[in-house]
2 protein chains.
Amino acid sequence: MDKQKKILESALQLFVEYGFHGTPTSKIASNAGVAAGTLFHYFKTKDELVINLYNRIKGELNTYVYSQIDNNDTVEAKFRTLFNHTLYWALKNNQEFYFIQQFHFSPHLASIPPDELVNQAKPHIELFEQAVREGILKPLPADLLLTLVGSHVYGLHQYLAKAGFDKKRESEVIDQAFEMIWDMITI
Amino acid sequence: MDKQKKILESALQLFVEYGFHGTPTSKIASNAGVAAGTLFHYFKTKDELVINLYNRIKGELNTYVYSQIDNNDTVEAKFRTLFNHTLYWALKNNQEFYFIQQFHFSPHLASIPPDELVNQAKPHIELFEQAVREGILKPLPADLLLTLVGSHVYGLHQYLAKAGFDKKRESEVIDQAFEMIWDMITI
DNA sequence: TTTTTGATTGACTGCTCACTCAACAAATTT
DNA sequence: AAATTTGTTGAGTGAGCAGTCAATCAAAAA
């Protein structure tokens, strides 16, 4: 019913399948069951639609993942929760997660203000810094640790998305992968 | 002098900066110091140019990296050589390495026959399988190991490319990162 | 009820772009 | 030297696309 939402859903699906420039706005609109002009009522330009979609998805992932964290948890429990729920979300929202990466390897990334990207990463960075101070993690730069753990998550998601295991096998692999990366970054 | 090469160089540079669809063939040609029509003498379509560029770059990386391997080396030495030289190549050929990832997150990937992708990965997969058989690596599927190590390399490259350290600091980080991933995948 | 405001439509426009082609130039073959 | 093949040019073509807009519709405000 909500046409803006329909447009966003339609755009996501088509962008992931055909790429940003491989999907005309007319197709996004018709696929959403909406006239071509309606798209431009909600989004001034196609670029604005792309960026809006990215910000929404990034926001959904972040709020979901951080809603799972209990501040009374130990640092290790926090990392485990973050890791597990990021993967859980990514596997449940394959298109969204793929879109994030697609966006990161596109020129659109340049239109996100750098300080906003820093802000997005801030909670993660602070967790890493705290864990380094507490002597839990190896004394490495927090942004290096974040990049390495992030890559690990991306790679694991890619593997699991392609493999298509059942839930049981999936969480076995995730648990094993967490132990591996945890061993890697802890002292 | 070689116009085909000029076109490929120009295309790489512009694709990395503006994306595939953000760079018109006319710009590729003029940037290469060549008339618009000349591009189509060497490449039937723009898509063919993109795919040709991808295959060349992938080929260059593979031949370079495997030329560094000595078959008398131990498995660990082979892994270390592979790891170090992939990163060395990636840092020396930033645009090329970025292009590979950009290509992987584009619809162009679909036009590479799946068996060719399997072939590209074959030498790596065989190394991993051998190392698992010899009891050096953890008994995990070779394609999972490859994906995880691959992600590690991508992440590390991304970090180093952004950080812009000098050669000394760079190889310190690379060595440290190798120890970390090696500890992670070995028994 | 009447007015105003906002939502929706789709034909239309102007522009960009991939690709063509006829003409010319250079190199290679006979 | 003539003939043939191969390389190069850039104006031109047609298709596709982002974004516009005048008209219609819906619903809330006056």
Please list, pair by pair, any protein nitrogen or oxygen found under 3.5 Å from a nitrogen or oxygen in nucleotides 25-28 of chain C.
none

Pairs under 3.5 angstrom, nitrogen or oxygen only, protein versus nucleotides 19-24 of chain D, please.
residue	atom	partner	partner atom	Å
dG19(D)	OP2	K46(A)	N	2.7

### Task
Go through the structure and list residues passing side chain to side chain donor-acceptor pair (under 3.5 Å) with N55(A), not counting sequence neighbours.
none
### Task
Ignoring the backbone of Y42(B), work out which of dT9(D), dG7(D), dA18(D) is nearest its side chain.
dG7(D)
### Task
Could you name each residue pair satisfying salt bridge (charged side-chain N to carboxylate O under 4.0 Å, His left out) that touches residues 113-124 of chain A, not counting sequence neighbours?
none
### Query
Which pairs, with at least one residue in residues 21-38 of chain B and sequence neighbours excluded, count as a side chain to side chain donor-acceptor pair (under 3.5 Å)?
S10(B)-N31(B)
### L39(B) CG to dC17(C) C1', straight-line distance once rounded to whole Å
13 Å
### Task
Any salt bridge (charged side-chain N to carboxylate O under 4.0 Å, His left out) involving residues 124-137 of chain B? Give me the pairs, sequence neighbours left out, ordered by first then second residue.
none
### Task
May I ask you to verify if any side-chain N or O of H41(B) is less than 4.0 angstrom from the OP1 or OP2 atom of dG7(D)?
yes
## Note on the structure
Of dT9(C), dC17(C), dT9(D), the nucleotide closest to the side chain of A35(A) is dT9(C)
### side chain to side chain donor-acceptor pair (under 3.5 Å) partners of residues 142-153 of chain B, not counting sequence neighbours, each pair once
none
### Task
Round to the nearest Å and state the distance from I7(B) atom CD1 to dA18(C) atom C1'.
15 Å
### Query
Considering residues at least two apart in sequence or located in another chain, which fulfil the salt bridge (Lys or Arg N to Asp or Glu O under 4.0 Å) criterion with K167(A)?
E170(A)
### Query
Just how far, in rounded Å, is P of dG10(D) from NZ of K27(B)?
19 Å
Ignoring hydrogens and angles, write down the donor-acceptor pairs under 3.5 Å from the side chains of residues 177-185 of chain A, residues two or more places apart or on other chains.
residue	atom	partner	partner atom	Å
E179(A)	OE2	R80(A)	NH2	2.2

### Query
What is the distance, rounded to the nearest whole Å, between atom CG of D2(B) and atom P of dG7(D)?
11 Å
### Query
Would one find a side-chain N or O of T38(A) under 4.0 angstrom from OP1 or OP2 of dT9(C)?
yes
### Message
Expressed as a whole number of angstroms, how long is the span from F43(A):CZ to dA7(C):P?
### Response
13 Å
### Query
Does K3(A) make a side-chain N or O approach to OP1 or OP2 of dT8(C) shorter than 4.0 Å?
yes
### Task
Not counting sequence neighbours, list each pair that qualifies as a side chain to side chain donor-acceptor pair (under 3.5 Å) and has a residue in residues 84-105 of chain B.
Y54(B)-H104(B), Q68(B)-H85(B), Y88(B)-K92(B), N94(B)-H157(B)
### Message
Using only atom types and a distance under 3.5 Å, with no angle test, would you say the side chain of K58(A) pairs donor to acceptor with the backbone of L117(A)?
### Response
no
### Query
Which residues in residues 10-17 of chain B have at least one heavy atom lying under 4.0 Å from any atom of DNA chain C?
none
### Task
Mind checking T23(B) for me? I need base, sugar-phosphate or nothing, with any heavy atom below 4.0 Å counting as a touch.
sugar-phosphate
### Task
Answer with yes or no after comparing the ring centroid distance for F79(A) and F128(A) against a 6.0 Å cut-off, counting only values under it.
yes
### Message
Which residues pass the salt bridge (Lys or Arg N to Asp or Glu O under 4.0 Å) test with R169(A), not counting sequence neighbours?
### Response
E172(A)
